[in-house]
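Since we're looking at a predicted model, the values are computed, not measured.
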Amino acid sequence: MKTSAEAEFRAFVVTRWPRMLRTARLLTGNHHDAEDLVQVALAKAYVKWERVQRADNPDAYVWRIMINANADRLRLLRVREWLTNRFPETAAPDRTDGIAERGALADALQRLSARQRAVIVLRYLEDHSETEVARMLGTRVGTVRSHTARALCRLREQPGVGETRAGLPPARRGAGPVTQEARP
């Protein structure tokens, strides 16, 4: 790699690292896995740096590398490891409401499929538009919308994830599953 291209890559890494780490943390649910994921994504971007620079949106290109690397990581983990976020010891209760709410949201995010999680993280936590998310994921806007709707419905069903506290958009009237009482 040329010296100028390497300097541009270093500048890219320095400016994007905090945001990429935050996104990766939300995708993986673990700080250590998030750091590994960002490093894998940046290593792949470094190898293809000239192609990344020529892309219309280099950020979206690298974010897509990261999302695909996360999906690959999840495929490998399903075979080899049993992941848990609970220790066998009993933990002292945390009295901080904000931490509990973030924990409930993080747990609820982990219950979503990798694609739905990516859409929710990019749309509501990274504040990208549907069009940008569709471009990053290499899919259509309609697919992003359907993943968003399904994911929000699943998140709202999770205990401890309130719409106002978790930052989720409010549910529309008539949206969501029909219960026995609601049927005519």
Side-chain angles (χ1 to χ4, degrees), residues 1 6-49 51-52 57-128 132-133 136-138 147-148 151-152 154-155 157-162 165-168:
M1 183 181 288
E6 189 166 324
E8 290 174 13
F9 179 76
R10 286 178 192 260
F12 180 88
V13 170
V14 168
T15 57
R16 298 335 187 269
W17 178 266
R19 244 181 96 209
M20 288 183 75
L21 187 60
R22 184 182 67 217
T23 301
R25 170 67 172 91
L26 293 168
L27 291 172
T28 62
N30 179 321
H31 180 75
H32 301 291
D33 290 339
E35 285 183 341
D36 290 344
L37 179 61
V38 172
Q39 289 175 7
V40 166
L42 290 173
K44 289 181 179 185
Y46 180 79
V47 172
K48 300 177 181 181
W49 186 244
R51 186 183 305 169
V52 171
N57 187 347
D59 285 333
Y61 195 104
V62 174
W63 255 254
R64 185 161 182 196
I65 290 172
M66 185 169 60
I67 289 167
N68 289 339
N70 184 52
D72 293 343
R73 181 188 71 85
L74 291 175
R75 264 187 241 115
L76 293 174
L77 290 179
R78 285 188 189 131
V79 175
R80 296 184 192 160
E81 298 178 11
W82 177 268
L83 297 177
T84 180
N85 61 353
R86 292 180 177 52
F87 293 105
E89 303 87 21
T90 57
D94 189 2
R95 303 195 196 306
T96 308
D97 291 339
I99 293 172
E101 291 170 6
R102 286 192 302 267
L105 181 59
D107 287 344
L109 281 171
Q110 294 304 311
R111 291 186 190 108
L112 297 176
S113 70
R115 196 64 137 178
Q116 288 177 344
R117 187 177 327 129
V119 168
I120 292 297
V121 167
L122 292 173
R123 282 282 292 130
Y124 297 107
L125 302 172
E126 287 292 324
D127 202 30
H128 289 286
E132 290 171 332
V133 173
M136 285 183 204
L137 298 178
H147 280 307
T148 302
L152 288 174
R154 285 190 62 194
L155 286 174
E157 293 170 352
Q158 299 298 321
V161 180
R165 292 178 294 172
L168 298 176

Side chains of [X] and [Y] in contact at under 4.5 Å (non-hydrogen atoms):
{"X": "Leu42", "Y": "Trp17", "answer": "yes"}
{"X": "Leu152", "Y": "Tyr124", "answer": "yes"}
{"X": "Tyr46", "Y": "Val13", "answer": "no"}
{"X": "Trp49", "Y": "Glu6", "answer": "no"}

Q: Can you run down the salt bridge (Lys or Arg N to Asp or Glu O under 4.0 Å) pairs that involve residues 12-32, sequence neighbours left out, and say none if there aren't any?
A: Arg16-Asp59, Arg19-Glu126, Arg22-Glu126
[X] and [Y]: which non-hydrogen atoms are nearest, and at how many Å?
{"X": "Asn70", "Y": "Arg117", "value": "ND2-NH1, 4.0 Å"}
{"X": "Val52", "Y": "Ala45", "value": "CG2-O, 4.1 Å"}
{"X": "Thr28", "Y": "Ala34", "value": "OG1-N, 3.5 Å"}

Validation: residues 106-113 side-chain donor-acceptor distances under 3.5 Å, sequence neighbours left out:
unit_1 : atom_1 : unit_2 : atom_2 : d
Asp107 : OD1    : Asn85  : ND2    : 2.9
Arg111 : NH1    : Gln158 : OE1    : 2.7
Ser113 : OG     : Gln116 : N      : 3.2

Considering residues at least two apart in sequence or located in another chain, which fulfil the side chain to side chain donor-acceptor pair (under 3.5 Å) criterion with [X]?
{"X": "His147", "result": "none"}
{"X": "Arg123", "result": "none"}
{"X": "Gln39", "result": "none"}

Q: Please identify each residue that fulfils ring pair (Phe, Tyr, Trp, His ring centres under 6.0 Å) with Tyr61, with sequence neighbours left out.
A: none
Under the rule for side-chain contact (heavy atoms from CB on, under 4.5 Å), what residues qualify as partners of [X], not counting sequence neighbours?
{"X": "Arg64", "answer": "Asn68"}
{"X": "Ala60", "answer": "Asn57, Met136"}
{"X": "Ala118", "answer": "Leu27, Ile67, Leu137"}

Q) Out of curiosity, Leu37 CG to Ile65 CD1, how far, rounded to the nearest 0.5 Å? A) 11.0 Å
